[in-house]
Amino acid sequence: MKKLVVAIDGPAGAGKSTVAQLAAKSLGYTYIDTGAMYRAVAWKTLQQNQEVTDELIVDIVSDISVVLEYKGGKTFVYVDGKDVSGEIRTPEVTGIVSQVAALRPVREKLVELQRNMATQGGVIMDGRDIATNVLPNADIKLFLTASIAERAQRRYDEMKAKGYDVDMDQLKKDIAARDKADSEREISPLVQAEDAELIDTSDMSIDEVVQAILDRCR
Ligand code: DC
């Protein structure tokens, strides 16, 4: 069977990475979490212990190695050879990642890496601009979304499970702010591609969304 290229876009907390990983595992495909790559650049920026400016971020991205590895159904992220898979998920990284992702030099470098990772097919890539910009010729294009309340609840459960003390109202505000920043930025904003199919996951279980993806691939 032909090895497909599947592009999944959507806002933060829509459940993209959870369902994309499960679908990839079921199909024997590679899963590529492009958000993790933007987080990797944000993480390295924070390591400098300096004021976070656009200049600093651009300087960091000019000399960074970001490698994604998908093994055993999990994504590992390496920055300059160091495994930062856990450290890129902190609230501090989340707090600056939209600023990082809005910068052209950052996007140019990461998009090139992302395209190279998809050349063999057999990949599910998720992000914000995959169908519109990174892989416009993808075989399957999906746009996953859910209500802000539902997305906040999912992030809440995720952060709680990791031991973070989280405030629901703050979480909703943060998600709305990140939606706005990601949708209104000048370069490759978050938009549904004209030829992408919209799936609202608000009232769907994880299994139902995975099944919906697999149905489109078969
Ligand atoms: O999916 P995530 O929360 O890990 O993404 C982190 C940030 O990176 C998010 O604010 C949007 C940005 N991003 C992007 O601009 N383009 C992508 N293809 C993936 C993520």
Side-chain angles (χ1 to χ4, degrees), residues 5-21 31-46 52 54 57 60-61 64 66 68 70 74-77 79 84-118 123-136 138 141-146 148 151-152 154-159 162 164 166 171-193 196 201:
V5 172
V6 182
I8 303 183
D9 292 299
K16 302 184 298 292
S17 61
T18 305
V19 296
Q21 288 197 56
Y31 164 62
I32 302 168
D33 175 356
T34 62
M37 301 172 79
Y38 292 93
R39 288 173 177 274
V41 177
W43 175 84
K44 187 171 178 183
T45 304
L46 290 175
V52 176
D54 290 357
I57 299 167
I60 292 293
V61 86
I64 188 174
V66 179
L68 287 192
Y70 180 65
K74 281 179 73 177
T75 299
F76 294 85
V77 187
V79 170
V84 297
S85 313
E87 292 172 50
I88 60 166
R89 307 282 167 197
T90 62
E92 289 75 24
V93 168
T94 304
I96 68 157
V97 71
S98 283
Q99 180 184 355
V100 169
L103 297 172
R104 189 178 299 280
V106 174
R107 302 203 73 86
E108 280 175 357
K109 175 149 180 170
L110 298 188
V111 167
E112 191 189 341
L113 290 172
Q114 290 155 12
R115 286 185 180 141
N116 287 338
M117 287 189 274
V123 298
I124 299 187
M125 189 180 288
D126 85 12
R128 303 294 190 285
D129 62 335
I130 310 307
T132 52
N133 176 48
V134 182
L135 306 172
K141 298 180 174 186
L142 302 172
F143 192 87
L144 256 56
T145 188
I148 289 206
R151 290 191 280 132
R154 291 174 188 172
R155 270 287 142 98
Y156 182 88
D157 295 344
E158 194 180 306
M159 298 305 279
K162 286 186 191 164
Y164 286 105
V166 271
L171 212 52
K172 279 188 192 162
K173 278 186 198 141
D174 291 349
I175 288 186
R178 209 136 67 88
D179 280 0
K180 189 168 154 66
D182 293 340
S183 310
E184 292 181 359
R185 69 167 175 243
E186 203 173 314
I187 318 158
S188 308
L190 168 69
V191 284
Q192 183 184 340
T201 70

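Computed from a predicted structure; not experimentally measured. Both ligands and their constituent atoms are indexed starting at 1 by order of listing.
- Between Asp126 and ligand 1, not a single N/O pair is under 3.5 Å apart.
- A salt bridge (charged side-chain N to carboxylate O under 4.0 Å, His left out) with Asp33 is found for exactly one of Lys74, Arg89, Lys16, namely Arg89.
- Distances from ligand 1 to the non-hydrogen atoms of Gln114 include no value under 4.0 Å.
- Heavy-atom separations between Ala12 and ligand 1 are all 4.0 Å or longer.
- A pairwise comparison of heavy atoms in Asp179 and Ser183 identifies O-OG, 2.5 Å as the closest pair.
- Checked by distance only, ligand 1 and Lys16 stay at 3.5 Å or farther apart across all their nitrogen or oxygen atoms.
- The distance from atom CZ of Arg39 to atom CD1 of Ile96, rounded to the nearest 0.5 Å, is 10.5 Å.
- Looking at Asp33 next to ligand 1, no N or O pair under 3.5 Å apart turns up.
- For ligand 1, the polar-atom distance check finds no N/O of Tyr38 at less than 3.5 Å from any of the ligand's N/O atoms.
- Of the N or O atoms in Arg39, one or more lie within a sub-3.5 Å distance of an N or O in ligand 1.
- Arg115 and Glu112 are not joined by a salt bridge, as no carboxylate oxygen comes within less than 4.0 angstrom of a charged side-chain nitrogen.
- Counting heavy atoms closer than 4.0 Å to ligand 1, residue Met125 contributes nothing at all.
- A heavy-atom separation below 4.0 Å is not found between Met37 and ligand 1.
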